[in-house]
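Comments concern the structure below.
What you see below is based on every heavy atom in this structure, not just the backbone, and it leaves out hydrogens, waters and symmetry mates. Below, read A as the first sequence line, B as the second, and so on, with proteins coming before strands; counting in each chain starts at 1.
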2 protein chains.
Amino acid sequence: MQDLKLVSQDCADCPIRHRAVCARCETDELERLEEVKYYRSFEAGQTVVWQGDKMDFVASVVTGIASLTQTMEDGRTQMVGLLLPSDFVGRPGREIAAYDVVATTDLVMCCFRKKPFEQIMMQTPHIAERLLQMTLDELDAAREWMLLLGRKTAREKIASLLAIIAQRNASLTAHPKVGDVIFDLPLTREAMADYLGLTLETVSRQISALKRDGVIVLQGKRHVTVPDMRILLDEAGDDSDGGMLA
Amino acid sequence: MQDLKLVSQDCADCPIRHRAVCARCETDELERLEEVKYYRSFEAGQTVVWQGDKMDFVASVVTGIASLTQTMEDGRTQMVGLLLPSDFVGRPGREIAAYDVVATTDLVMCCFRKKPFEQIMMQTPHIAERLLQMTLDELDAAREWMLLLGRKTAREKIASLLAIIAQRNASLTAHPKVGDVIFDLPLTREAMADYLGLTLETVSRQISALKRDGVIVLQGKRHVTVPDMRILLDEAGDDSDGGMLA
DNA sequence: TCCATGCTTTGATGCAGATCAAGCCGCGCT
DNA sequence: AGCGCGGCTTGATCTGCATCAAAGCATGGA
């Protein structure tokens, strides 16, 4: 299945070495996609699409981080999706965006016009199949996230988020699997709060607490070292290790 | 699209007048499905599938209510899906159930063995397409739900749930669209608490408060009358009316 | 260099919702 | 009737997180 993933991959004949959609595509399919492919850049904080707007493209994240957020009239916001490089954004068959898409960091996306993308999808069973699998993955993630939002304590929420980021990082880089797990937090405290359904003060306090208790080591505000991943996963209150441990 | 919905529909040649999967199926597809179709009944409280178990069927709810729930080691549980009649359960392409499926009331499901279902799906683009659309619908619902869990107050949560149930009911029955909206709560206070990430005491108190404030009228513990749906939707803190109002 | 700005930390206080505890209501059973 | 039980309500109290407030720390620009 890996070869069917809608991914960002090195692509020699592409300005930013990015090939998207389907590594196993037949040549003509790929070329039809290339015709309708284009890149867009955003600065941190910019909104890519507003909830309710027409969204006439699908895309995948090349570099940077985007988030999907829901906002209430009075300004309360909840992040409902976190998109790292190679993640897919878009709603085949849907005209209207159901939530805001926001560039959390500087962001480059690889976009495809939706109409032609959908046509290719309809004619290419394994792309449709792959899209279904990705959507199911997102649904699984959303449901884990619901457990976090509904039932976990602030400390468990923070530990869970750190674990999730560590895991997502590990799946992108060649994972060493030995010793400390090290990564940079790609989110501000405020973005973490929006992810977790907390305030930024609580996020800050709980990170300090985890540091004080030796669960994590911080260098600066963003660089995290996890001496023992099992302890962190235990703090997350989550039996599943997400495949992180053997 | 409606004619492609995976639905429970009246079906004269079926013991419980239920035809599932695809109203526009070609005859032979439908018959292939009929061959692998069977019914299962459960009593309220029974678990249909355990998280982590192999799940070798997909199904749709015929009568009753099922819920998908996540549970932590210490017993905290969060509902992550609520399945009313005609809703689909199952994960095409997945071996293992990602969460418990529980019969919240007495329940009848119409099941299909997964393998043949998947084969038919692969060979039938519009079934695959329909499945993708349904999964996207579930994802949208999950993300609304995340906003509820992460950012809404107890009162808003209750109002939102009542609105959701009212809407789902309206879409099943011929919706009068005039005057009071009336329905029966299909969930215990405890199930509502699991849905909303609250305790059952808080659910009870907030329902009492909405009653006291005239937002709803209760006859008994389950029968709800909503004198003015706009007030309820306003209490839910949700700008979207879910298509309930013109 | 100094200040402005955005991000973060930390402290003091308040409150929404959890927890603990009792009792009520309706129903089925004997 | 009388009883037990599951579901529900209501009260008293506790507490985890929000809120309000202030100050620390980097970075970049004048």
Can you list everything that forms a salt bridge (charged side-chain N to carboxylate O under 4.0 Å, His left out) with A/R91? Sequence neighbours excluded, please.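 Expected list: B/D140.
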
Side chains of A/T47 and A/D100 only: does a donor on one sit below 3.5 Å from an acceptor on the other? no

A/R168 to A/F183 six-membered ring, cation-pi geometry met (6.0 Å, 45°): no

Sugar-phosphate or base contact per nucleotide [nucleotides 9-19 of chain D; S, B, -; heavy atom under 4.0 Å]: BBBB----SSB

Check this for me, if you would: do [X] and [Y] make a salt bridge, where the nitrogen-to-carboxylate-oxygen distance has to be below 4.0 angstrom?
X      : Y      : result
A/R94  : B/D137 : yes
B/R143 : A/E138 : yes
B/D56  : B/K54  : no
A/R76  : A/D194 : no

Let me know the distance between CG of B/L196 and P of C/dA18, rounded to the nearest Å.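 Between P of C/dA18 and CG of B/L196: 10 Å.
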
Whole angstrom value for the distance that separates C1' of C/dG26 from NE2 of B/H223: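 Between C1' of C/dG26 and NE2 of B/H223: 18 Å.
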
How bent is the helix from C/dT1-D/dA30 to C/dT30-D/dA1, measuring the angle between the end axes built from five pairs each, rounded to 10°?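 Inter-axis angle at the termini of the helix from C/dT1-D/dA30 to C/dT30-D/dA1: 20°.
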
Check: B/S160 side chain, B/E156 main-chain N or O, donor-acceptor pair, under 3.5 Å: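 Yes; at least one donor-acceptor contact below 3.5 Å.
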
